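Residue numbers count from 1 along this sequence. What you see is a predicted model; the values in this text were computed from it and never measured.
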Amino acid sequence: IPGLNKFYWAEVLRDENLPENSTAAVIGGGLIGTEIASKLLSRGNAVYLIEILEDIARGMEMMEQKLILASFKHEQMHIYTKTRVSRISGEYLYIEGENFVKEIKAKHIILATGMQSYRPFESLDNKEIYFIGDAQKVGKAQDAIKDAYETAQII
């Protein structure tokens, strides 16, 4: 994204990084982006959630998804689907949807776009290597814990 210089990833959730009573734009409305937006909203922030696809909260379990989406019915939550960020200039994000172009202002920008598995040790001196969690497939922490348990049973 042109102009995207200063931003957070999921580390915005650490207490020392988590803004309160401010404005935040979360770019990416999948599982991680939606959870980040929920946490930001709970701290009194006005939140802009910008997702390029048609819906948000993909990958969430149904009950969790329903609860989070219900909490998003709040005057400080602004959701833009089928929308992309075309550029950023300082605190201004320029977004484009199907029938609109808009400028929004956010003091904090959080990037929560698609993640990929990372496997730096594909082969290690012919040793057997097991991949769990996000190294196997990007997902939730509970899935990583399950993977670890099942892998430990095999070993």
Just to verify, what does Tyr92 make a ring pair (Phe, Tyr, Trp, His ring centres under 6.0 Å) with, not counting sequence neighbours? none
Starting at CD1 of Ile56, measure out to CG of Leu69 and round the result to the nearest 0.5 Å. 5.0 Å
Step through the shown structure and confirm whether more than 12 heavy atoms of other residues, nucleotides or ligands are within 6.0 Å of CD on Glu75. no
Quick one: do Tyr94 and Ile27 end up in the same hydrophobic cluster if we chain Ile, Leu, Val, Met, Phe, Trp and Tyr together by side-chain heavy atoms under 4.5 Å apart? no
Neighbour count >12 (heavy atoms, 6.0 Å) for atom CD, Glu54: no
Identify whether the distance between the nearest side-chain nitrogen and carboxylate oxygen of Lys82 and Asp55 falls below 4.0 Å. no
For the backbone of Ala24 and the side chain of Asn45, can you confirm whether one donor and one acceptor N or O come within less than 3.5 Å of each other? no
Verify, without hydrogens or angle tests, whether Thr34 (side chain) and Gly30 (backbone) share a donor-acceptor contact under 3.5 angstrom. yes
I'd like to know whether OH of Tyr149 has more than 12 heavy-atom contacts from other residues, nucleotides or ligands below 6.0 angstrom. no
Identify whether the distance between the nearest side-chain nitrogen and carboxylate oxygen of Lys39 and Glu35 falls below 4.0 Å. no
If you count every heavy atom of other residues, nucleotides or ligands that lies below 6.0 Å from Ile68 atom CD1, does the total exceed 12? yes
Identify, with sequence neighbours excluded, every residue that meets salt bridge (Lys or Arg N to Asp or Glu O under 4.0 Å) alongside Glu61. none
